[in-house]
Amino acid sequence: QTSPQQDPNGKGVQSKGTKPLSRRKNKKPMFWTPEDHEKFLQGLDKFGMKDHLGPGGAELLSLFMGNRSVLQVKSHAQKYFHDTASRPTAGQ
């Protein structure tokens with residue numbers, strides 16, 4: 001059984017036999033610009049993703065956008081779909 005231990009560099013806890021946890025060197029937030037969001041929306045429309053990404057959707061959008069990782073696209077999509085689902089529709 002492996003037990004967590006302190007990374008020798010003090011950068012995080014790791015299990016024996018695994019690589020140290022990666023850390024982003026630049027700690028500044030990576031905000032989405034209006035242009036990034038517009039490209040995201042274009043990708044959703046182009047690939048027919050109206051209410052969810054579906055299998056491989058984040059990877060496809062990441063490639064389409066060119067400047068966002070799969071993880072960033074997944075996170076943005078989760079927030080976007082949550083916000084659009086909780087918004088009342090017209091006529092209600």
Working to the nearest 0.5 angstrom, can you tell me the gap between [X] [atom1] and [Y] [atom2]?
X: His76; Y: His37; atom1: NE2; atom2: NE2; result: 5.0 Å
X: Thr84; Y: Lys79; atom1: OG1; atom2: NZ; result: 14.0 Å
X: Leu61; Y: Lys74; atom1: CG; atom2: NZ; result: 12.0 Å

*Any Leu41 side-chain heavy atom under 4.5 Å of Tyr80 side chain*: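 SC-SC contact between Leu41 and Tyr80 confirmed.
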Please find the pair of heavy atoms, one from [X] and one from [Y], that lie closest to each other, and give the distance.
X: Val73; Y: Met65; answer: CG2-SD, 4.3 Å
X: Trp32; Y: Gln72; answer: CZ2-O, 3.6 Å
X: Asp45; Y: Lys50; answer: OD1-NZ, 3.0 Å
X: Ser62; Y: Ser69; answer: OG-C, 3.5 Å

*Answer yes or no on whether Lys46 is positioned over the face of Phe64, meaning its NZ or CZ is under 6.0 Å from the six-membered ring centre and within 45° of the axis.*
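Because its charged atom misses either the 6.0 Å distance or the 45° angle limit, Lys46 does not stack over Phe64.
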*asked:* Would you say Leu63 ends up clustered with Leu53 if hydrophobic residues are merged whenever their side chains have heavy atoms under 4.5 Å apart, either directly or through other cluster members?
replied: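 Different clusters.
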_Looking at Glu59, I'd like to know if its CD atom is crowded, meaning that more than 12 non-hydrogen atoms belonging to other residues, nucleotides or ligands lie closer than 6.0 Å._
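Yes, the 6.0 Å shell around CD holds more than 12 heavy atoms from other groups.
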*Should the ring pair Phe81 and Phe40 be called parallel, tilted or perpendicular, given that the plane angle runs from 0 to 90° and is split at 30 and 60?*
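Taking Phe40 first and then Phe81, their aromatic rings sit tilted (interplane angle of 30° to 60°).
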